[in-house]
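In what follows, every chain begins at residue 1, and chains take the letters A, B, ... in the order their sequences are listed. Everything numeric in this text was worked out from a predicted model, so none of it was measured.
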Amino acid sequence: MALLKIHEPGQTPLPHEDERQLAVGIDLGTTNSVVAISNDEKPEVLRDTSGGNAIVPSVVYYGADADPVVGEAARDQINDNANRVVSSVKRLMGRGIADVKSIAGTLPYHVEVPAEDAEKSGEPMMVRLNVGDRVLTPVEVSADILRALRARAEASLGKPVEKAVITVPAYFDDGARTATKDAARLAGIEVLRLVNEPTAAALAYGLDNGAEGLYAVYDLGGGTFDISLLKMQKGVFQVKATGGDAALGGDDFDHAIAEHLLAERKDGGTTDDLDASDAKRLLKTARKVKEALTDADETSVTVSLGGADTTHTVTRAAFDAMIAKLVSRTIAITEQVLDDADILADDVKGVVLVGGSTRVPAVRKAVADLFEQDPLSDIDPDEVVALGAALQAEALTGGSDNLLLDVTPLSLGLETMGGIVEKVIDRNTPIPVAKAQEFTTYQDGQSAMMIHVVQGEREMVDQCRSLARFALTGIPSMAAGAARIKVTFNVDADGLLTVSAREETTGTEQEVAVKPTYGINELDMANMLRESMVHAREDMEMRLLTEARVEARRNVLAVQAAMNADRALLTSEDEDNIAAAIAKLEAAMSGEDRDLINEQAEALEDASRPFAEARMDARIRQALAGRNVDQVN
Amino acid sequence: MSNTGTSETRTAEQPQHKVCWSCKGPVGATSLFCETCNAIQPPGQLDHFTRFGLKRTFIIDVDAIEATYLKQQQLLHPDRFASKSAREQALSSQQAATLNGAFETLKNPVARAEYLLRLAGHEPEGGEGHTVNDPELLMEAMEMREALHDADDRNAVDTMIKDTRKAARACEKDVADALEQNAYDRAKKLTTRLRYLMKMTEEARAKKSRLAAA
Ligand SMILES: Nc1ncnc2c1ncn2[C@@H]1O[C@H](COP(=O)(O)OP(=O)(O)O)[C@@H](O)[C@H]1O
Ligand SMILES: [Mg+2]
Ligand SMILES: [Zn+2]
């Protein structure tokens, strides 16, 4: 049996210098965002122009008739203009109204469905936010944050930045990932890859320490909790298992404190009736209390709401008790993930802490107790994710000896009879992955089949997250059970799903990139792009031109490689024709005319066809000769 | 919609030479990259064992195939093609997905046994949603399920995990023997039993973490 040949590819893959654009790493956090760049595997965070803070609060202020303001300055507006400030928007990415109801109490702003749309479609809709006089989708708000980060990077590097690796919580579902990519598109950023936050953090540590073995990454930020187990060996970072909770983080600690403060006020006879802006201010106060308790054993605070000032003392012990349930939830999830991967806490060689909330002493202690070791924290937990993303951005544009192998965070499946979920791809399956499953019709003459794609671990459809529905139509009339419908799930390296369905006996086919149930439809997207980015068209043109050049260069190199390998088969006439075609193609490549490049690339293909045929003929003759020898022996 | 099982591609006789899509010259039927121009090739219809340079046997060295897997993934993964043409990116994604599928199948004993059965032209029995009618096995499974249901502390569940794992390991040996002797009917039955044992271990583990969380 012929064994598989591994042909080491040469050192040619890097694009020419002129086309190697800057690529940054972006940690697009619930609370804080950071942008970083890496050169020669040395990543660095990009600070504001005064060389100050690396952290950009993920907060946007929408003033009347003014451009959005992002970051510290936006956060400063919370006290005076709470209804024009949006924070924690990441919690709403890819969410529908129903989801939001369940977390509504924890959201610092009004969420609304424009009535007219809701009536018109009756479909589940993406959340929209009423901000001052505007109605915005979470995607647009995220895009504003990304624009600010891009501007910061460009100011700091003095060059245009169009490409980025953007991190997402490992636990983000398909809808939230798509929403993140859409936001980048609106901000004019080409996403090289969506990388999971814990994986990025591990990358930052792994490269630094060159350490082999099993690592746990515990990431507790403002709004999300993620836990991942990674194995590092021979330059490969393999995610073994991942888990988390997309709605658990420091914000919940703030809530616990806020509720405690309100309860104390009530005990003291003050009844509060909070409006949205009161709530925002109270949460801001609560967060100050929480952060103070990281260093101090107790802290005092004055709450002024509705004209009534009250003063409170909160001890760390009291705070620990308030958050004990939340912390144990993260530990239970961590244990579950260890179990999933069939790994004992003892096997873990190092624990990486990520996210601002891992500064809370009770959190550190819980993690240290579980793993029976002090966690690593020599890289700033606020910066580590962006640093890892920057390393990955460099690896993707400039090549690397290291490789990240990630997994699907949640199982993907289909609805079958009785609302039962048939899993097609299990959680923690390495990506990219393609898997097919066959189904059949259950009624005589059934001509269409609804395909309902869901994500989650539960057995019933209504307990899982609905990702998409589509119909495979045109199934020819057959008896029940005779049709063979093959449904294929493809998850790409970004963790995004495409589903196609095909009736095997006739070849009736339907392919859908899964449109998240709560996504933005193409039309809205096109409108937003038009409104927000005058240059969208030019960008697109530029991208197509670059792609044409990349393709043409590959073409030239391939023909040249063939000429070197099989010079004996090259007639001088062919050689002249090919040389002339290459010269013309290269001339076209240095210009801006995409059509001309494609035309000349085709001409090169024509010119080299006789040579290619001669090569094939020679190989077939050789093979036949070989077989004859075999037969003789 | 009702399920009719996972579809599998059968291997056909491989042609000796294919045409490289990039330089249009000859390229080996099993080559990942063109020997002449280095272009990545489509994954083709290789069987999983061939992909890893192995003979078709149940007993394999999982660590060794993992090393091959990592080495191939270093070359094929889409991250290696981020600045290449759209076509090469798509091929890389297909190659990496095929490689992942092959590795996942080979490293899991049940999937590996089922795959070997299919390669030998025998459809394995009792996939999800299909009925199994081996009364002995059904009895054994019922007893295990009851035992797990009754186990109400961590130690009891732990013992169960150990027992089912041990039984699974012994069963793996039997599967290997049956396949070695081309005793496919026996191999089918044993594979079904192995699947049950693995599933029980999993359920016991899940129960253990539920008990721990409570
Ligand atoms: N010193 C501190 N003590 C306690 N919590 C902190 C401290 N510093 C930051 N945090 C909390 O960390 C969270 C933000 O963490 P971060 O990792 O930036 O979040 P995200 O990744 O969600 O954007 C907030 O809830 C913030 O209050
Ligand atoms: Mg974060
Ligand atoms: Zn070639």
- request: Please confirm whether the backbone N or O of A/Pro432 pairs with a side-chain atom of B/Asn100, one donor and one acceptor, at under 3.5 Å?
  value: yes

- request: Would you please test B/Lys24 and A/Arg609 for side-chain contact (heavy atoms from CB on, under 4.5 Å) and show each step?
  value: CA-CA 8 Å; B/Lys24 310 289 188 297; A/Arg609 188 162 298 126; over 6 Å; no

query: Given that the side chain runs from C-beta out, which part of A/Glu613 has a heavy atom under 4.5 Å from chain B: side chain, backbone, both or neither?
result: neither

task: Tell me, for A/Ala562 versus chain B, whether the close heavy atoms (under 4.5 Å) come from the side chain, the backbone, both or neither.
output: both

field: Interchain contact, B/Ala39 with chain A, by part (heavy-atom threshold 4.5 Å)
entry: neither

Heavy-atom check, side chain of A/Val236 versus side chain of B/Tyr69, under 4.5 Å: no

- prompt: Is there side-chain contact between B/Pro26 and A/Arg615, with heavy atoms separated by less than 4.5 Å?
  reply: yes

message: Strictly below 4.0 Å, N to O, side chains only: are B/Glu66 and A/Lys231 in salt-bridge contact?
response: yes

- prompt: Does the pair B/Asp79 and A/Gln392 meet the rule for a side-chain contact (heavy atoms from CB on, under 4.5 Å), with working shown?
  reply: CA-CA 9 Å; B/Asp79 283 2; A/Gln392 186 62 359; 2.8 Å; yes

- request: Flag the one option from B/Ala97, B/Cys20, B/Gly101 with the top tally of heavy-atom pairs under 4.5 Å to chain A.
  value: B/Ala97

message: Out of B/Gln94, B/Glu104, B/Arg87, return the one with the most heavy atom pairs under 4.5 angstrom to chain A.
response: B/Glu104

message: Does either side chain, that of B/Gln74 or that of A/Asp401, offer a donor lying less than 3.5 Å from an acceptor on the other one?
response: no

- prompt: If you count the non-hydrogen atoms of other residues, nucleotides and ligands that lie under 6.0 Å from CD in B/Gln89, is the total more than 12?
  reply: yes

message: What's the separation between atom SG in B/Cys37 and atom CG in A/Leu557, rounded to the nearest 0.5 Å?
response: 9.0 Å

